[in-house]
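Reviewing the structure listed below.
Chain letters run A, B, ... following the sequence lines, proteins first, then strands; residues in each count from 1.
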There are 2 protein chains.
Amino acid sequence: MDEIDRNILVALQENGAAGLAELAKVAGLSVSATAERVKRLEERATIRGWRADLDPNAVGCTLLAFVFVGLRPGQDEHFHRAMRRLEAVLECHAVTGPWSYLLKLRLADLRALELFVAEHIRGLPAVERSETLVALASAKETAILPVAPADEED
Amino acid sequence: MDEIDRNILVALQENGAAGLAELAKVAGLSVSATAERVKRLEERATIRGWRADLDPNAVGCTLLAFVFVGLRPGQDEHFHRAMRRLEAVLECHAVTGPWSYLLKLRLADLRALELFVAEHIRGLPAVERSETLVALASAKETAILPVAPADEED
DNA sequence: AATGAAAGTGATACTGG
DNA sequence: CCAGTATCACTTTCATT
């Protein structure tokens, strides 16, 4: 993984539909050499897949919320499985601090959030307590990772 | 936006590199009709773009952290601009509760986190106080949105 | 590993139904 | 919206360095 691979990854995060010709210009290589590098990055699972990036509002996911969860002891595996099955739960992280987990949810509206938390979070025997934060506005939301170790921000 | 469009969007979130032929089978339409629908979804910006989905660990973003930020009054615009410029800041949301903002960060390691927060978050005049949570493990992390209003989770 | 060219595949556009 | 065709672009492969 060298500078060229990193440039390719930057480009493919911004535009995954760019052709190899365009990508080759970014990389400073021929088309075939570029194709090989992309293939290698896929095989090594540095590139996990290719996704359409959707506008949440356009698909009815208007509301973004974060939920802190406190779990009863020994219930983590059950909880993980439950979270993985719920499409509205985009993320589920064990975190430092007074709470066991932090969830990121996308739902239609406040009513849907209320129902969802009551039924699928607080309704779980594994869950002892929870606290919900609603996002009021988002200044930034991206899945684009910094590919060069981001010590050097401008 | 009907059931067919939603099926297409589900498929394209899972595999954005699927060809039109495969997609047409999912949609239950001909290739040409499928191609038109995808094009329409792009024009309407329901599909915002196409991205390579990278493994964070493979590109040196080992550490995931969340940072709560309390801002001094009237500094929001400055703060937004600052956050947008920082690649390590993947998300920046105004949230309900005692804090003004919740940030999601990806960095190389704890040392990088410490330096980053000191310099780029707490170092800002706009920032009054902050609190950092480190993700210890992630049971789930996806950008795949539920396309049908997710009232109906199984 | 990279190049350049040749060969194969799939997307795009247009016709008519 | 479907089927079919033609064109064009892109990916893939291979011989060569």
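A:Leu86 CG to A:Ile121 CD1: the interatomic distance, rounded to the nearest 0.5 Å, is 6.5 Å.
Residues A:Glu14 and B:Trp50 have side chains that never bring a donor and an acceptor to within less than 3.5 angstrom of each other.
Ring planes of B:His80 and B:Tyr101: perpendicular class, angle over 60° (limits at 30 and 60°).
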Could you walk me through whether B:Val67 and B:Ser130 pass the side-chain contact (heavy atoms from CB on, under 4.5 Å) test, one step at a time?
CA-CA 7 Å; B:Val67 179; B:Ser130 76; 4.2 Å; yes
Tell me, for nucleotides 1-11 of chain C in 5' to 3' order, what letter each nucleotide earns: B for a base near a protein heavy atom under 4.0 Å, S for only sugar-phosphate near one, - for neither?
SSBB------S
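Minimum interatomic distance between B:Pro146 and A:Ala88 (heavy atoms only, all atoms of both residues): CG-CA, 4.2 Å.
For A:Lys39 and D:dC14, the NZ to P distance is 10 Å, given to the nearest whole Å.
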